[in-house]
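We name chains A, B, ... by the order of the sequence lines, and we start the count at 1 in each one.
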Amino acid sequence: MPELPEVETIVRALQRGGQGCSPLLDKKVTGAIVLWARTIAEPRADLFVQQIVGQSVRGVSRRGKFIRIDLDRQVMLIHLRMSGDIRVEDQVIALQPHDRLILNFVDGTRLAFNDARKFGRVWLVAEPESVIGGLGLEPLERSFTPAALHRRLQNSARQIKPLLLDQTVIAGIGNIYADEALHMARIHPMTPARKIDQEQTRALWDAIREVLREGIRRNGASIDWVYRGGDFQNYFRVYQRSGRACPECGTTIERVIVGQRGTHICPCCQVMK
DNA sequence: CACGAGACCTGTTCGC
DNA sequence: TGCGAACAGGTCTCGT
């Protein structure tokens, strides 16, 4: 579920505190409880516990949809996948249903990784590049330029939407923001990437950054499980709005399947050229 | 290389 | 009310 803006919202809460979290920096791990073994991708669950105890948090950041927590000797990477969430709270509070991993800190607080669908994964590694090294461009950083995007598109015969969802091309876009960006740029999701001209590429580049920034400004979207009180879901242009009016032209929004993903389009604004 | 199907999981919603 | 099907913000693997 969580895409770049939702992950960014959580990372900011872990950095600054607020929204169900207190700042993680300098907290020292005194114990870890793995409640669902497969949540730990690497190393084995018992080794994870053994290795993380005694280390303190030295940094919190984001790369694509990954949360990166730098510790004294290793790096913990968290991917929330479809239903993951993180709380930082006092240890006296009761565990919640679907809590999968707990880290207890010396100050009496703890981090809880909660994940109803059990798709989320946590790594504890010395070399984070082994996990996140293959990720593509960060869409909100300087390296993501219209020219860089154009180059990627010209090299591919794939449909544009699955390409936007490919984390090795651009890191952080998911189903919501792909649909929103393509609508804003007036591009049909099935358009072959290399058929998108320079002008449309520029529009797509703008749209990607705009929808991601707006998502962050609104603290992400909250669907099904609530995320940080984010309210971007109230500003969707097309996502989950099939049968309703396009905000640009009033045409009824349609839901189609593209690359096996539910996809929302305005058949009037997003015409294949 | 690109695409589709299936797997991994649980919970909610919708139609009958 | 109950029950099954469809669907969900993601990604990986396998077969064609």
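In this structure, the CD1 atom of A:I40 is 20 Å from the P atom of B:dC8, given to the nearest Å. When the C1' atom of B:dA7 is taken as reference, atom CE of A:M82 falls 13 Å away, rounded to whole Å. Rounded to whole Å, the distance from CD1 on A:I132 to P on C:dT11 is 14 Å. When rounded to the nearest whole Å, the span between CZ of A:R261 and P of C:dC12 equals 13 Å. A:Q240 places its CD atom 11 Å from the P atom of B:dC14, with the value rounded to the nearest Å. Distance, A:D115 CG to B:dC9 P: 11 Å, rounded to whole Å. At whole-Å resolution of the value, CD1 in A:I176 and P in C:dG10 are 7 Å apart. Regarding A:W36, its CH2 atom lies at a distance of 10 Å from the C1' atom of B:dC8, rounded to whole Å.
Looking at A:I86, A:L35, A:D99 one by one, the single match for side-chain contact (heavy atoms from CB on, under 4.5 Å) with A:F113 turns out to be A:I86.
Here A:R38 lies in heavy-atom contact (under 4.0 Å) with sugar-phosphate atoms only. Among the atoms of the strands shown, none is found under 4.0 Å from any heavy atom of A:Y177.
Between C:dG10, C:dA8, B:dG11, one nucleotide has an atom nearer to the side chain of A:R117 than all others, and that is C:dA8. With distances taken from any side-chain atom of A:R255 to the nucleotides C:dA8, B:dA2, C:dG10, the minimum falls on C:dA8. Among B:dG11, C:dA8, C:dC12, the nucleotide with an atom closest to any side-chain atom of A:R81 is C:dC12. Nearest nucleotide to the A:K118 side chain, out of C:dA8, C:dG10, B:dC9: B:dC9. The nucleotide whose nearest atom lies closest to any side-chain atom of A:R158 is, among C:dA8, C:dT11, B:dC3, B:dC3.
Note on A:Q167: a side-chain N or O is less than 4.0 Å away from OP1 or OP2 of C:dT11. Note on A:H98: every side-chain N or O is 4.0 Å or more away from OP1 and OP2 of B:dT10.
With hydrogens and angles ignored, a donor-acceptor pair under 3.5 angstrom links the side chain of A:Q260 to the base of B:dA5.
B:dG4 and C:dC14 make up a base pair, with Watson-Crick or G-U wobble contacts both under 3.5 Å.
Salt bridge annotation for A:R110-A:D90: absent, with no cationic side-chain nitrogen under 4.0 angstrom from a carboxylate oxygen. Contact check on A:D115 versus A:R81 returns no salt bridge, with no Lys/Arg side-chain nitrogen under 4.0 Å from an Asp/Glu carboxylate oxygen. The pair A:D179-A:R237 does not count as a salt bridge, with every side-chain nitrogen at least 4.0 angstrom from each carboxylate oxygen.
Stacking of A:R209 on the aromatic ring of A:F144 is not recorded, the 6.0 Å distance cut-off and the 45° axial limit not both being met.
Taking atom P in both C:dC7 and B:dA5, the straight-line distance is 13 Å, to the nearest Å. B:dA7 and C:dA5 have their P atoms separated by 16 Å, with the value rounded to a whole Å.
Aromatic stacking of A:F119 on C:dT11: not satisfied for centres closer than 5.5 Å together with planes under 30 degrees.
The aromatic rings of A:F232 and A:Y177 lie parallel to each other, with less than 30° between the two planes, well short of the 60° mark.
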